[in-house]
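Here's the structure, in structure tokens; my notes come after.
Quick note: residue numbers are just sequence positions, from 1. In listed order, ligands and their atoms are each counted from 1. The structure displayed is predicted, hence computed values, not measured ones.
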Amino acid sequence: MHIGGITKNTLLDYPGRVAATIFTGGCNLRCLFCQNSSLVEGLIPEIKETDVLSFLEKRKGLITGVCISGGEPTLQPDLADFLREIKDMGYDVKLDTNGFEPQVLRNLAAEELVDYIALDIKTSKPGYRALCNTDIDLDKLDESIGLIKEGLFKNYEFRTTVVAEYYDRQVAAEIGEWLAGAGTYYLQNFVDSNTTFVGRGALHGQTREEIEAYAEILRKTISEVSLRGID
Ligand code: SF4
């Protein structure tokens, strides 16, 4: 496992859990708004997997969940082995993914190594390649969305970080159609920083009122649509 970071205690990353979050290095996308560009480019010094596992061993009973984020965790060839060790310690596992490795999701689900999955929907299909700055195969993402909607994992959420340049009411309607029948979808706002691929000032968040309007559109086809972390 290439591990580039760890948050030792968080109430924000895993719904209903006090969790630790582990950040894996590398990603198959280059989203313009990514807040972890150094991690994606592999520029962060590696943390030893054995150190992470021994930290988790010591925290048993104090934290109850482990969130695996990135970067893109599904690119790690030994992800299943790593998750097995974490599950053997008794932790529930949440996986954050961009959804472009559906076969990895199938394999993890077959071994019941993931209790909660969060899949990022970056924008609607027409703008996906531009925002992700990568020549991606959207059929793979469709496949992952289908698997999750069919109940491959016990708990799931779809979520979008709203970047004003790539999300408007038409995009909300298109995503609503795309995810129709899904259970849970969160909208969170983009917060600008110096660590994105395009630098500060190039992209913007949206007003709460406008994001509320997106949520209303999405509620026509998705049962639970909520705003997360928006004042
Ligand atoms: S936002 Fe996520 S999927 Fe996009 S480049 Fe960053 S880590 Fe990869």
Q. Crowded around Gln103 CD? As in, over 12 foreign heavy atoms under 6.0 Å?
A. yes
Q.
Tell me if the NZ atom of Lys140 is crowded by more than 12 foreign heavy atoms within 6.0 Å.
A. no
Q: Starting from atom 2 (Fe) of ligand 1, find the nearest protein heavy-atom neighbour and note its residue, name and distance.
A: Lys122 NZ, 3.7 Å
(Q) Is it the case that over 12 heavy atoms from other parts of the model lie below 6.0 angstrom from the CD atom of Glu111? (A) yes
Q) Tyr116 and Pro15: which non-hydrogen atoms are nearest, and at how many Å? A) OH-CG, 3.4 Å
**Q.** atom 6 (Fe) of ligand 1 - number of protein N/O/S atoms closer than 2.8 Å
**A.** 1
Q. Do Val163 and Ile230 sit in the same hydrophobic cluster, where Ile, Leu, Val, Met, Phe, Trp and Tyr count as joined when their side-chain heavy atoms come under 4.5 Å apart?
A. no
Q. Can a cation-pi geometry be assigned to Arg159 and Tyr186, taking NZ or CZ under 6.0 Å from the six-membered ring centre and within 45° of the ring axis?
A. no
